[in-house]
Protein chains: 2
Amino acid sequence: MMEFEQILRSRGYRLTNQRRVIVRELEGERHLSAEEIYERVKEEHPELGLSTVYRTLDLLHELGIVRKEDFGEGYSRYELATERMHHHARCRGCGKVIEFNEELMEYLTLQVERETGFVTDSYEITLHGLCRECAAAG
Amino acid sequence: MMEFEQILRSRGYRLTNQRRVIVRELEGERHLSAEEIYERVKEEHPELGLSTVYRTLDLLHELGIVRKEDFGEGYSRYELATERMHHHARCRGCGKVIEFNEELMEYLTLQVERETGFVTDSYEITLHGLCRECAAAG
DNA sequence: ATACATGCAAAATATTTGCAACGAA
DNA sequence: TTCGTTGCAAATATTTTGCATGTAT
């Protein structure tokens with residue numbers, strides 16, 4: 001992805017192979033954890049430490065290239081911020097994560113800004129409950 | 001709080017002093033972390049281990065008595081689920097957490113259920129951005 | 001050549017668990 | 001008395017950091 005390389009360069013960061021590899025993984029699959037990225041890549045790129053994965057994700061998050069997500073699993077997941085903003089519903093029964101889009105959210109952030117002055121640049125929603133199947137079973 | 005004692009009993013759990021103390025702390029202050037509860041209580045109740053705090057919060061969360069929150073700090077915070085459902089906007093500048101209520105959310109969960117069959121029993125929203133002051137300063 | 005980046009191992013944090021002792025019912 | 005609960009310490013798990021080495025610019 002060109003854009004990501006330009007953002008790095010324009011901020012004075014270097015374009016390393018490790019950074020390229022990590023972004024490539026995120027392009028291939030969404031909602032990856034640091035550990036998962038590390039595992040997926042270690043065979044083809046043994047020259048990549050877990051700490052570099054963390055440092056890179058941190059940087060990419062800081063630059064707004066990557067979104068950091070929390071599904072209450074005890075660790076974070078990441079995905080490219082270029083994906084359309086979306087939200088998650090996590091099933092208490094089977095752990096499945098269902099996604100949904102909701103234009104109302106755009107309105108919500110405007111409303112919040114009007115009321116409190118808070119300027120939103122990203123947001124997360126997580127619904128906790130049961131998916132259709134688990135709700136039927138339970 | 002009576003209600004909490006009844007829920008415990010009706011499910012066959014025992015009403016211990018530790019559990020009472022932890023709920024009392026949550027009644028006094030919202031958004032507490034496990035560590036904070038432990039610190040607040042250790043003087044008056046040295047007979048209370050951090051692991052019990054975790055175990056108790058887990059149980060109370062399971063029973064729907066307590067809500068588990070994530071502000072991206074690397075650990076969880078907790079509050080009584082009896083508080084009116086609310087949402088958080090966390091300032092990237094100063095870390096301040098601004099709260100807001102939004103009736104639209106009730107509508108949102110209904111909409112999601114209609115579209116995906118997902119039955120929501122609780123939800124969290126976190127907006128990331130800058131509060132009025134930091135937005136003005138930055 | 002000069003910083004910025006990296007890998008490794010060790011540290012720091014947060015949370016969980018094993019087990020003997022405790023105590024609510 | 002019984003079995004759920006607890007404290008303590010040790011184990012896990014996740015993420016961060018120090019430092020010598022590597023490498024993009």
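These numbers come from the heavy atoms of this one structure, side chains and all, not from hydrogens, waters or symmetry mates. The sequence lines fix the lettering, A, B, ..., with proteins before strands; numbering per chain opens at 1.
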Would you say [X] places a side-chain N or O within less than 4.0 Å of OP1 or OP2 belonging to [N]?
X	N	result
Tyr54(A)	dT16(D)	no
Arg9(B)	dA24(C)	no
Ser76(B)	dT15(C)	yes
Gln18(A)	dA24(D)	no
Arg19(B)	dT5(D)	yes

(message) Taking any heavy-atom pair under 4.0 Å as a contact, classify Thr16(B): base, sugar-phosphate, or nothing.
(response) sugar-phosphate
(message) Considering every strand and a 4.0 Å limit on heavy-atom distances, what is the contact class for Glu35(B): base, sugar-phosphate, or nothing?
(response) nothing
(message) Angle between the end axes of the helix from dA1(C)-dT25(D) to dA25(C)-dT1(D), five pairs per end, to the nearest 10 degrees?
(response) 40°
(message) Taking atom types as they are modelled, would you say the side chain of Arg14(A) forms a donor-acceptor pair with the base of dA3(C) within the 3.5 Å cutoff?
(response) yes
(request) Calculate, to the nearest 0.5 Å, the distance between atoms OG and CG belonging to Ser76(A) and Asp58(A) respectively. (result) 9.5 Å
(request) Would you give the length of the straight line joining atom CZ of Arg67(A) to atom CZ of Arg30(A), rounded to the nearest 0.5 angstrom? (result) 8.5 Å
(request) By nearest nucleotide on DNA chain C, pick out whichever of Tyr78(B) and Val53(A) is the more 5' one. (result) Val53(A)
(request) Find which nucleotide of DNA chain C each of Leu50(B) and Tyr13(A) is nearest to by heavy atoms, and output the residue with the more 5' nucleotide. (result) Tyr13(A)
Starting from [atom2] on [N], measure out to [atom1] on [X] and report it in whole angstrom.
X	N	atom1	atom2	value
Phe71(A)	dT14(D)	CZ	P	16 Å
Leu48(B)	dC8(D)	CG	P	9 Å
Glu73(A)	dA14(C)	CD	P	19 Å
Leu57(B)	dT6(D)	CG	P	12 Å
His61(B)	dT15(C)	NE2	C1'	15 Å
Glu47(B)	dT5(D)	CD	P	17 Å
His45(A)	dG7(C)	NE2	C1'	16 Å
Ile37(A)	dT15(D)	CD1	P	11 Å

(message) Would the distance check show the side chain of Arg19(A) and the main-chain N or O of Leu60(A) forming a donor-acceptor pair, the cut-off being under 3.5 Å?
(response) no
(request) Kindly say whether Glu36(A) contributes a backbone atom to a donor-acceptor pair with the side chain of Glu39(A) at under 3.5 angstrom? (result) no
(request) Indicate the atoms forming the closest heavy-atom contact of Ala81(A) with Gly64(A), along with that distance. (result) CB-O, 3.3 Å
(request) Please name the pair of heavy atoms, one in Tyr38(A) and one in Leu48(A), separated by the smallest distance, quoted to 0.1 Å. (result) CE1-O, 3.1 Å
(message) Starting from Val21(B), can I reach Leu15(B) by hopping between I/L/V/M/F/W/Y residues whose side chains sit under 4.5 Å apart?
(response) yes
(message) Could you walk me through whether Arg40(A) and Glu29(A) satisfy the salt bridge (charged side-chain N to carboxylate O under 4.0 Å, His left out) test, starting with their C-alpha distance in whole Å, then the side-chain angles of each, then the deciding distance to 0.1 Å, before giving a yes or no?
(response) CA-CA 11 Å; Arg40(A) 279 160 156 264; Glu29(A) 174 99 13; 3.5 Å; yes
(request) Select from Ala34(A) and Arg55(A) the residue whose nearest nucleotide in DNA chain D is closer to the 5' end of that strand. (result) Ala34(A)
